[in-house]
Amino acid sequence: MQPYELIKAKRDGGRLDPSDIQAFIQAYTAGTVADYQMAAMCMAIFFKGLDARELGAWARAMLNSGEVLDLSDTPAIKVDKHSTGGVGDKVSLSLAPLAAACGVPVPMISGRGLGHTGGTLDKLESIPGFRVDLSTADYRRLVREVGCCLIGQTAQVAPADKKLYALRDVTATVDCIPLIASSIMSKKLAEGIDALVLDVKVGSGAFMKTADDARVLARTMIGLGAEMNRKVVALLTDMDQPLGRQVGNALEVREAVDMLRGEAPDDYTEITYALTAEMLVLGKKAATVEEAREKLRRSVEDGSALKKLKEIVQSQGGDPRSIDDYSLLPTAKATTDVVAPRDGFVTGIHTEGVGLAAVALGAGRQRVDSKIDPAVGFTLLKKVGDAVKQGEPVVQVHYNDAGPLEGVKARLLAAYQFGDRAPAARPLVLERLE
């Protein structure tokens, strides 16, 4: 079938043959199917979905569009973690050195910011000199020698997903369960991992706004993992407000380092421990989650996790001094405050609105070729449940360009909700699936 016929068939609710899916993705990877044709197919899938047979074929085609890495020269069980994306979600920056310091090799191929959510690669690149564009040979070596490597997709690894990831970001087809599941699993299974922990975000700052949708996505990815003989555990975690207090690339690096010093906000610390503990159990470095959490706490207390982060940074060309001296990280020229319009409590934060404000400020991309300003972002001085007085700062804005500032401040104020009573606390981990 020709691309036009396949797009039309899916648009009209038809089932695509696995061989046609394979050919379509191969042609897209090679450039003979144009971006506008793939965009049309993604929109058709957004509305009509993929059944289990189609989804398996789509994910396999994405996986096999490039090299599937062999990390058998690293004998330990290799485990990665993937988040479906949120605002202020810098967990990978602290989780990877934590797990590696406890003996679990972490091969991590990450993505850039997508829609209103931040990207691990963008955060890492705010560390001076840090390279995410390493060769697959260097990737294998660092996983073996350092116990961790954090890179972006290379031309050899899941190239179909690399192209499609950027396209979905600008064509309003990000929040589509079949496309999310196949993107994540094709990329992760190409890394050479043995097991995977999924952080499936739920709430106003997540692509999955409800626990029901998040559960469907988690089960879809667990099913794809089982089909390909990989153990997958998923935690559904709260994203009804930003995680931690920093939003923005270099600001989030600082908070990640604070976490490895035992000085980060409780919500960010708890989510990091919960996910990393699952990795230690899958990697057989702990028999139970409780034992794993104790190992993680010790690695923070004795400094081994922070030392591992510096080793990772240095091994990938970054300046390890920036981990101790935050002045070496990109810093915005100016700050200004968004203030509370009334006395009361913060009763809610529309987290996607905060993410979109960060994009408008320059911390994320409005187009595929947009440049990110690593220094800009927000410090959330008040979060849900906190008491406020009229005129009291609730968000500090770190900015370089004053042009979008008033619009950004208006977005932030609109994202905050205030009331007379503090709301009941929400659990951070909503559910565990395997």
Side-chain angles (χ1 to χ4, degrees), residues 83-95 113-120 122-123 126 175 199-209 214 235-259 263-272 274-275 332 335 337-338 340 345-364 372 374-386 388 393-399 408-418 422-423 425-430:
S83 168
T84 55
V87 178
D89 179 10
K90 71 285 292 180
V91 167
S92 290
L93 305 182
S94 48
L95 168 145
L114 193 62
H116 66 279
T117 68
T120 297
D122 300 320
K123 295 166 193 177
S126 69
D175 49 342
D199 180 8
V200 183
K201 300 294 188 186
V202 184
S204 66
F207 292 119
M208 303 295 104
K209 306 299 183 190
L235 299 185
L236 272 55
T237 69
D238 180 60
M239 188 39 70
D240 241 3
Q241 62 175 329
L243 189 62
R245 292 192 178 271
Q246 304 293 350
V247 177
N249 297 292
L251 292 170
E252 292 187 43
V253 169
R254 295 183 188 195
E255 193 163 63
V257 177
D258 287 345
M259 191 264 146
E263 300 169 357
D266 290 345
D267 60 341
Y268 168 40
T269 299
E270 172 57 28
I271 292 295
T272 304
L275 292 163
T335 62
D337 293 333
V338 176
F345 295 86
V346 178
T347 57
I349 300 175
H350 187 263
T351 311
E352 184 174 352
V354 176
L356 291 172
V359 172
L361 190 63
I372 279 182
V376 303
F378 315 128
T379 300
L380 306 182
L381 304 172
K382 299 290 183 179
K383 293 186 68 177
V384 174
D386 289 343
V388 295
V394 293
V395 182
Q396 184 180 58
V397 181
H398 304 251
Y399 70 97
V408 166
K409 292 175 70 174
R411 282 178 181 263
L412 289 169
L413 190 57
Y416 267 72
Q417 293 136 33
F418 302 92
R426 283 171 54 97
L428 292 171
V429 178
L430 309 177

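In this text, all values refer to a predicted model and were calculated from it rather than measured experimentally.
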Exercise: identify the closest heavy-atom pair between [X] and [Y]:
X	Y	value
Gly248	Ala363	CA-CB, 4.5 Å
Lys90	Gly88	NZ-O, 2.6 Å
Lys383	Gly244	NZ-O, 2.8 Å
Val429	Ala274	CG2-CB, 4.2 Å
Gly348	Val384	CA-CG2, 3.8 Å
Ala375	Ala332	CB-N, 3.5 Å

Do [X] and [Y] come close enough that some side-chain heavy atom pair is under 4.5 Å?
X	Y	result
Ser126	Glu252	no
Leu381	Gln396	yes
Phe345	Val388	no

Between [atom1] of [X] and [atom2] of [Y], what distance do you get to the nearest 0.5 Å?
X	Y	atom1	atom2	result
Tyr416	Arg411	OH	CZ	16.0 Å
Met239	Leu428	CE	CG	10.0 Å
Leu380	Gln241	CG	CD	8.5 Å
Asp267	Leu243	CG	CG	5.0 Å
Tyr268	Leu93	OH	CG	6.0 Å
Ser94	Ile271	OG	CD1	11.0 Å

Taking Thr237 as the fixed residue, which of Thr84, Asp89, Asp199 is the one that meets the side-chain hydrogen bond (donor to acceptor under 3.5 Å, both in side chains) rule?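 Checked Thr84, Asp89, Asp199 against Thr237; only one passes side-chain hydrogen bond (donor to acceptor under 3.5 Å, both in side chains): Asp199.
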Any salt bridge between Arg245 and Asp386, counting N to O under 4.0 Å?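 So Arg245 pairs with Asp386 through a salt bridge.
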What residues form a side-chain contact (heavy atoms from CB on, under 4.5 Å) with Leu251, not counting sequence neighbours?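 Leu251: side-chain contact (heavy atoms from CB on, under 4.5 Å) contacts with Gln246, His398.
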Using a 3.5 Å cut-off and no angle test, enumerate the donor-acceptor pairs between side-chain atoms of residues 202-209 and protein atoms at least two apart in sequence or in another chain.
from, atom 1, to, atom 2, distance (Å)
Ser204, OG, Asp240, OD1, 3.4
Ser204, OG, Ile349, O, 3.3
Ser204, OG, Thr351, N, 3.0
Ser204, OG, Thr351, OG1, 3.1
Lys209, NZ, Ser204, O, 3.2
Lys209, NZ, Ala206, O, 2.7
Lys209, NZ, Glu352, OE1, 2.8

Just to verify, which of Val338, Val376, Leu413, Leu361 counts as forming a side-chain contact (heavy atoms from CB on, under 4.5 Å) with Val408?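 Answer after filtering Val338, Val376, Leu413, Leu361: Leu361.
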